[in-house]
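In what follows, a single structure is set out as structure tokens and then discussed.
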Amino acid sequence: MNISKTHRGRAAAAVSLAAVLSLTATACGDDGSGDKGTEGSGKGEITFWDNNGGPRTEIWTEIIKDFEKKYPDIKVKYVPIPIADVQSKYDTAIAGGGLPDVGGVGTAYLANMVSQEALEPVNDRIKDSTLNGKLVEGMVASVKDAGGRGDEMYSVPTSANNGALWYRTDLFEAAGLEAPTTWANFYKAADELTDAKKNKFGYTIRGGAGSIAQAMDASYGQSGITEFWSGDKTTLNDPKNVAALEKYVALYKKTTPAADVNNDFTKMVAQWDTGTIGMLSHNLGSYQDHLKALGKEKFAGIPNPIGDSGTRVQVSNPVDGLGLFRSSKNKTAAWKFIEFAASHESNSKWNESAGAIPANTEAAKDPWISATEPTALAAKALTDGSTKIVQLPYYLPDWNNISKADNEPEFQKVLLGKATAKAFLDKMADELNKAQKEWKEIGNG
């Protein structure tokens, strides 16, 4: 099950010289496809790219400090990469040189990096380490599947996220509304909590970067369709999904702020935390932001609403992890850092800060999880059989391009009434069907 070395992500071919030079100056390593690197001395400096720089900088700084205390002969150069830029940064470095030794790698763009031969397989290293048998099986399976090369693992899973519907319990209580546990309750609340003249809205919709995953969640969540593929064709543009998306995007400017058309998650979360908006769809990662802004008594986070069929359906969320780069000149030291970061104590510390679900089996049993209700509810929903997961095709090297940069402007057109939901889903479906066909033609599936 191998993806051709020549099958590179389209973005890698379109990088500018300036971007290449800026990345080369900030990291060590070389081009991911031609340099196999070395094990190195296990001492000295290694470079780590955080794939969610900013929101996670504080906790990574703490973990790095702990690591350097345990391994005084190793220094970690920390480079924060904004989450919206991470794939383009990796593609730039793969094409022109300048990859780090270690980097945060999510399953949404893992296949793209594997196809470019940028990452080192880590199966054998895991077997010979303290992580052997200590990683959640479901996350391991997700990483293997996303890599697209059978049982080979190209990252060490560190956390799983899950979509959450955050709602203002104080506003719901004042309006006499039931919790938005069903789509019917969701739409009712969105309408009744809106008073545009007073700048009060029932919901904030994501129209900027990262909008499409949320739109797909709303589509499949309402339609009840539980499979992404029907044969070799995607179900994304199934008439039921089209009708669901039409209903969802009709909320824009009716029960949502007009500014939502440009909002990425940072702006959307900040707007919800400081305003009088009733509901927000975002993953568990924003829990600490809400807690600081609102206090524990004014909000709650629940899994996605239940559909008319009585079943909760949601799209899969990427599993985050740490990748060891093939071009590293000090893989021994880089692996020590990965092993330390994925250990019980560090993994628990990181996930508690992020409100995410730990990949370390020991960390997953720590008391803070049951004490953090949104995380506990998400973990329960994913393990008790109450939720049907639509597995997204992260294994397609072009998945992240198709589901993000290539079509986010198209979704904005839908919100603005310049394109129909059907045209938008048909376009994405056509691109995905072609990507799936190409993937199979090069020896997969």
Side-chain angles (χ1 to χ4, degrees), residues 52 54-56 58-59 161-208 210 214 217-218 221 248 251-260 263-306 312 314 317 351-357 366-381:
N52 194 3
R56 302 290 168 250
E58 184 177 349
I59 185 60
N161 219 319
N162 198 53
L165 180 60
W166 303 99
Y167 70 102
R168 289 285 299 271
T169 51
D170 56 339
L171 299 181
F172 271 70
E173 185 177 345
L177 292 167
E178 294 182 28
T181 53
T182 66
W183 283 103
N185 286 353
F186 166 81
Y187 281 107
K188 180 181 179 181
D191 184 57
E192 294 193 17
L193 291 174
T194 297
D195 187 343
K197 292 180 180 179
K198 295 182 179 180
N199 201 36
K200 296 179 180 180
F201 296 95
Y203 186 59
T204 175
I205 198 168
R206 188 167 181 169
Q214 181 176 307
D217 224 8
Y248 183 70
L251 295 174
Y252 175 63
K253 286 206 302 186
K254 179 184 176 184
T255 63
T256 80
D260 281 1
N263 279 358
D264 59 12
F265 89 92
T266 304
K267 294 175 184 175
M268 187 175 63
V269 167
Q271 178 177 266
W272 191 73
D273 286 346
T274 58
T276 55
I277 298 172
M279 296 177 292
L280 160 75
S281 293
H282 188 245
N283 58 47
L284 297 169
S286 55
Y287 173 73
Q288 293 294 338
D289 294 316
H290 309 324
L291 191 63
K292 291 175 184 176
L294 302 170
K296 197 171 185 178
E297 303 305 319
K298 289 187 178 181
F299 77 98
I302 59 176
N304 284 358
I306 294 171
R312 179 185 295 110
Q314 68 175 61
N317 277 262
N351 281 279
E352 183 175 10
S353 172
I357 303 168
D366 284 350
W368 68 263
I369 294 178
S370 58
T372 309
E373 186 179 28
T375 304
L377 289 174
K380 185 174 184 293

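Index from 1, following the sequence.
Within the model, atoms OG1 of T256 and CD1 of I277 stand 8.5 Å from one another, a figure rounded to the nearest 0.5 Å. Taking OG1 from T274 and CG from D289, the interatomic distance works out to 11.5 Å, rounded to the nearest 0.5 Å. One distance of note links CD of E352 with CD1 of I59; it measures 8.5 Å at 0.5 Å rounding. I357 CD1 to I369 CD1: the interatomic distance, rounded to the nearest 0.5 Å, is 8.0 Å. A distance of 8.0 Å separates CG in L251 from CE in M279, rounded to the nearest 0.5 Å.
Heavy atoms only, all atoms of each residue included: T204 and P257 are closest at CA-CD, 4.4 Å. Scanning all heavy atoms of the two residues, the minimum distance from N304 to L165 falls at OD1-N, 4.4 Å. Contact detail for L193 and G278: the closest heavy-atom pair is CD1-CA, 3.9 Å. The minimum heavy-atom distance between G285 and N161, with the atom names listed, is N-OD1, 3.8 Å. The heavy-atom pair separating N263 from R206 by the smallest distance is O-CG, 3.6 Å. The nearest pair of heavy atoms linking M268 to Q214 is CE-OE1, 4.0 Å.
With a 4.5 Å cut-off on side-chain heavy atoms, E373 and L377 count as touching. The closest side-chain heavy-atom distance from T194 to K254 is not below 4.5 Å. Counting heavy atoms from C-beta on, the side chains of K296 and L291 come closer than 4.5 Å. A 4.5 Å side-chain heavy-atom check between D260 and K253 finds every atom pair outside the cut-off.
In the model, N317 has no side-chain atom that pairs as donor or acceptor with a side-chain atom of N283 under 3.5 Å.
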Output, in order, the C-alpha distance, side-chain angles, deciding distance and verdict of side chain to side chain contact (heavy atoms under 4.5 Å, CB included) for T375 and Y287. CA-CA 9 Å; T375 304; Y287 173 73; 5.8 Å; no
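Distance alone, capped at 3.5 Å, places no donor-acceptor pair between the N185 side chain and the K188 backbone. Distance alone, capped at 3.5 Å, places no donor-acceptor pair between the T181 side chain and the I306 backbone. A donor-acceptor pair is defined here as one N or O able to donate and one able to accept, closer than 3.5 Å; such a pair exists between the side chain of D264 and the backbone of T266.
Close placement of the F186 and Y203 rings is indicated, their centers lying within 6.0 Å of each other.
Residues passing the side chain to side chain contact (heavy atoms under 4.5 Å, CB included) test with L294 are R168, W272, D273, K298, F299, sequence neighbours excluded.
Considering W166, Y167, F265 as possible partners of L280, the one that fulfils the side chain to side chain contact (heavy atoms under 4.5 Å, CB included) test is W166.
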